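Only a predicted model underlies this, so the values are computations on that prediction, with no experimental measurement involved. Here is the naming used below: chain letters follow the sequence lines, and residue numbers restart at 1 for every chain.
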Protein chains: 2
Amino acid sequence: MVAIRLDEIDRKILAELQADGRMTNVELAKRVGISAPPCLRRVRTLEESGLIRGYHADVNSRELGFEVQVFAMVGLESQAETELSAFEERCREWPLVRECHMLNGEVDFILKCVAPDLSSFQQFLTGDLLTTPNVASVKTSLVIRGAKDEPGVPFDVLEERMSRTA
Amino acid sequence: MVAIRLDEIDRKILAELQADGRMTNVELAKRVGISAPPCLRRVRTLEESGLIRGYHADVNSRELGFEVQVFAMVGLESQAETELSAFEERCREWPLVRECHMLNGEVDFILKCVAPDLSSFQQFLTGDLLTTPNVASVKTSLVIRGAKDEPGVPFDVLEERMSRTA
DNA sequence: AACGGATGCGCAATAATCTTTCGTGAGTGC
DNA sequence: GCACTCACGAAAGATTATTGCGCATCCGTT
């Protein structure tokens, strides 16, 4: 995981693969303006460097039966590093918790959760989350509707920055 | 986008492609226990039905130069549908806003934002978000560190449910 | 300027995969 | 029992992935 110097082509590759992770290498090569072999080599390098963590199909969770999406703000009794790590480890083990971020401010963690239905989530909330040691407070908010959900990062912002620096 | 009846194999396909979206079709077919042609047909059907929305490379945003990640809780003056839609449309236009979810409770929206650095975010916050008409309050929380960030849904939970129903 | 070394490209060839076509068998309704 | 439907899998040709190699370019050195 060495720091890699990226050029214009690398950034284009990342942007294209973020937009369509299943694009063939020849198509990708065509789009970024080089031939297939060096393009594949660049992709491999980006993967090995950790800049590309992986590729994932974006599945429609609602149609799959996960009707409920919830954000949970969690406050802990103790913010000692041991306690923080312990809580994070718990989160990693709970399948319904998809994301766990430690925050500044009054709330210690924000969790993004999914569940097949409300009762499944309630069960998780009361049975797992609220019974976890050191959890002081949990405030949950149901997602009424999703307005935007773009994976990844805005490459156009990056390009602007680069051109300003250059 | 017709409702599709999924069998065991379809769910396995979704789970595999969620875990590795760039898996070759022959490898996928091997894993789910059928031959390549019907496997590819199933994948195409899943794509056309909208159950697979797309494929995305998971790029390391921090290494790419997006050092800052922020959750913003937004409250609006008016919650009339026109106003809600207007705000959502704004969010779709802001590249730094990656997710926008409408919530129940005291806060109307939660936004997940990224930015190259703090000052970029401050600029967005004071220049764009806070100057948007109808925005009553914004509470932001910096992400100190990420503990878990799994894309997609937990298929093991789904399997449990299926076996219980069957 | 000339010389190496490193880097990265593209061509060509081979291996692997994708994709279509087609024949077959299982299940279903009449 | 007889179509009919549906999905599977084998085969084959088209496309893609991957490797090896020669060449150009860029840099730092002499």
Side-chain angles (χ1 to χ4, degrees), chain A residues 1-60 63-65 155 158-159 162-163 165-166, chain B residues 1-60 63-65 155 158-159 162-163 165-166:
Chain A
M1 185 120 139
V2 190
I4 301 276
R5 250 181 49 81
L6 299 177
D7 61 10
E8 184 70 19
I9 294 179
D10 288 318
R11 285 194 294 275
K12 268 192 199 168
I13 288 176
L14 290 171
E16 292 288 348
L17 285 181
Q18 179 177 277
D20 177 8
R22 242 181 130 73
M23 187 181 298
T24 66
N25 183 58
V26 296
E27 172 67 19
L28 180 61
K30 199 182 308 173
R31 293 199 186 195
V32 304
I34 58 178
S35 64
C39 185
L40 187 63
R41 281 191 288 264
R42 278 169 183 262
V43 171
R44 293 279 177 267
T45 304
L46 291 170
E47 288 168 355
E48 281 157 23
S49 75
L51 249 152
I52 295 180
R53 290 206 200 87
Y55 305 88
H56 307 285
D58 176 12
V59 308
N60 189 326
E63 276 200 47
L64 234 183
F155 275 91
L158 200 64
E159 296 302 333
M162 290 294 159
S163 57
T165 326
Chain B
M1 186 124 141
V2 191
I4 300 277
R5 250 179 49 80
L6 299 177
D7 61 10
E8 184 70 18
I9 296 179
D10 288 318
R11 285 194 293 276
K12 269 193 199 168
I13 288 175
L14 290 172
E16 292 289 347
L17 285 181
Q18 178 177 279
D20 178 7
R22 241 179 131 72
M23 185 180 300
T24 67
N25 184 58
V26 297
E27 173 66 20
L28 181 60
K30 200 182 307 172
R31 292 200 186 195
V32 304
I34 59 179
S35 64
C39 186
L40 187 63
R41 281 192 289 263
R42 279 168 182 265
V43 172
R44 294 279 178 269
T45 304
L46 290 170
E47 289 169 355
E48 281 157 23
S49 74
L51 248 152
I52 296 180
R53 289 205 201 87
Y55 304 88
H56 306 285
D58 177 12
V59 308
N60 189 327
E63 277 201 45
L64 234 183
F155 275 92
L158 200 65
E159 296 301 335
M162 290 293 158
S163 57
T165 326

Ion pair B:Lys12/B:Glu8, N-O distance below 4.0 Å: no

Nucleotide nearest B:Pro37 when distance is taken to its side chain, options C:dC9, C:dT20, D:dT18: C:dT20

Whole angstrom value for the distance that separates C1' of C:dG10 from CD1 of A:Ile9: 13 Å

Whole-Å gap separating P (D:dT16) and NZ (A:Lys30): 7 Å

Spatial distance of atom CG (A:Leu6) from atom CZ (A:Arg11) [nearest 0.5 Å]: 6.5 Å

N/O (side chain, A:Arg44) to phosphate O (OP1/OP2, D:dA17) under 4.0 Å: no

Rounded distance in Å - CG (A:Asn25) to C1' (C:dA16): 14 Å

Sugar-phosphate only, base, or nothing, as touched by B:Thr24 at under 4.0 Å among non-hydrogen atoms: sugar-phosphate

Nearest-Å distance for atom pair CD1/P, residues A:Ile34 and C:dG10: 6 Å

Nearest atoms (heavy-atom pairs only) where A:Arg22 meets B:Asn25: NH2-N, 4.4 Å

Closest heavy-atom pair and its distance - B:Gly50, A:Asn60: O-CB, 3.5 Å

With A:Ile13, the side-chain contact (heavy atoms from CB on, under 4.5 Å) member among A:Leu51, A:Leu46, A:Asp7: A:Leu46

Nearest atoms (heavy-atom pairs only) where A:Asp58 meets B:His56: CB-CD2, 3.8 Å

Interatomic distance where CE belongs to B:Met23 and P belongs to D:dA17 [whole Å]: 16 Å

Integer-rounded Å distance: D:dC8 C1' and B:Asp7 CG: 12 Å

Rounded to 10 degrees, the angle between the two terminal axes of the helix from C:dA1-D:dT30 to C:dC30-D:dG1, each from five pairs: 30°

Sugar-phosphate only, base, or nothing, as touched by A:Arg42 at under 4.0 Å among non-hydrogen atoms: sugar-phosphate

Distance in angstrom units between B:Leu40 CG and D:dT16 P, rounded: 14 Å

Distance in angstrom units between A:Arg41 CZ and C:dC11 P, rounded: 12 Å

Closest non-hydrogen atom pair, B:Ala36 against B:Val26: CB-CG1, 4.2 Å

Which nucleotide in C:dG10, C:dC18, D:dT18 has an atom nearest any side-chain atom of B:Val26: C:dC18

